[in-house]
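Worth knowing before you read on, the calculation uses all heavy atoms, side chains too, and leaves out hydrogens, waters and symmetry mates.
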Amino acid sequence: VTPLAASPLDEERPESLRGEGRVRHRVNLAIAVSGTAVSLTLGMLSLWAGRFNMALVNFGVAAALILSALWSLTRPSLAAPRWLTLGAALTAFLYALLSGGVDGTGIVWSLLVAPCAIFLLGLRQGLTVTTAYLLVCAAVGFAPPADLLHHYPRALVERCLRIANPGEGS
């Protein structure tokens with residue numbers, strides 16, 4: 001594996017902010033900033049539509065992402081801000097999946113779990129988090145019908161599975 005291009009300033013940085021650590025730090029900031037904008041926008045739209053639970057989740061996620069970005073800027077070598085960003089994203093994605101999101105599109109947000117986890121934590125930890133998320137999704141899928149869970153049409157679930165695994169049936 002070829003290491004990422006080294007910067008002349010790398011000698012002055014802590015080991016955790018060289019190479020992949022620096023990339024993960026930047027990815028965390030990018031996800032935190034863009035996620036905050038999206039969460040605040042979706043929170044306002046949810047408020048206007050009268051979906052107060054969804055608004056509360058979106059505003060909570062935005063607050064966690066702002067905290068993560070500030071924490072990451074002050075202590076860039078720590079992994080904890082990346083875990084906070086991922087936890088906030090997983091909370092939003094899982095809530096969207098369970099509630100159906102807007103017009104039953106909540107399942108689509110789950111497609112972002114793997115890229116977020118892998119880019120924030122690295123391949124091994126990212127795949128572990130993604131597997132745990134998929135197990136939770138499977139458990140929810142096999143749960144008995146309840147008023148709290150959104151029921152997706154089979155065709156939509158199959159399309160999402162094909163997007164997640166393009167090698168299967170086209």
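- Between Ala88 and Leu65, the shortest heavy-atom distance links the atoms CB-CD2, 4.0 Å.
- Interatomic distance, CZ of Phe119 versus CD1 of Ile31, reported as 8.5 Å (0.5 Å rounding).
- Summarising the geometry of Ala69 relative to Leu29, their closest heavy-atom pair is O-CD2, 3.8 Å, with the distance given to 0.1 Å.
- Panel note: side chain Ser68, backbone Ala64; no donor-acceptor pair is recorded below 3.5 Å.
- Applying the side chain to side chain donor-acceptor pair (under 3.5 Å) criterion to Tyr133, with sequence neighbours excluded, gives Ser110.
- Between Ile66 and Leu70 the shortest side-chain heavy-atom distance falls below 4.5 Å.
- With sequence neighbours excluded, no residue forms a side chain to side chain contact (heavy atoms under 4.5 Å, CB included) with Val33.
- Residues Ser72 and Arg82 have side chains not in contact (no heavy-atom distance under 4.5 Å, counting atoms from C-beta outward).
- Cluster annotation: Leu120 and Val23 are assigned to the same hydrophobic cluster (Ile/Leu/Val/Met/Phe/Trp/Tyr, side-chain heavy-atom contacts under 4.5 Å, transitive).
- Counting heavy atoms from C-beta on, the side chains of Ser99 and Asn53 never come closer than 4.5 Å.
- Each of Leu127 and Val129 belongs to its own hydrophobic cluster when Ile, Leu, Val, Met, Phe, Trp and Tyr are linked at side-chain heavy-atom distances under 4.5 angstrom.
- In this structure, the side chains of Asn28 and Trp71 stay at 4.5 Å or more apart for every pair of heavy atoms.
- For the pair Trp83 and Leu121, the minimum side-chain heavy-atom distance is below 4.5 Å.
- The side-chain heavy atoms of Leu97 and Leu94, taken from C-beta on, include a pair separated by under 4.5 Å.
- Within the 4.5 Å cutoff, the side chain of Val61 has no heavy atoms near those of the Tyr95 side chain.
- One finds the NE2 atom of His25 at 11.0 Å from the CG atom of Leu78 (value rounded to the nearest 0.5 Å).
- Annotation for Ala30 and Ser34: closest pair O-OG, 2.8 Å, computed over non-hydrogen atoms.
- Rounding to the nearest 0.5 Å places CG of Leu42 at 9.5 Å from CZ of Phe59.
- Expressed to the nearest 0.5 Å, how far CD1 of Ile118 lies from CZ of Arg24 amounts to 11.0 Å.
- Of all heavy-atom pairs spanning Leu40 and Ala62, the tightest one is CD2-CB, 3.7 Å.
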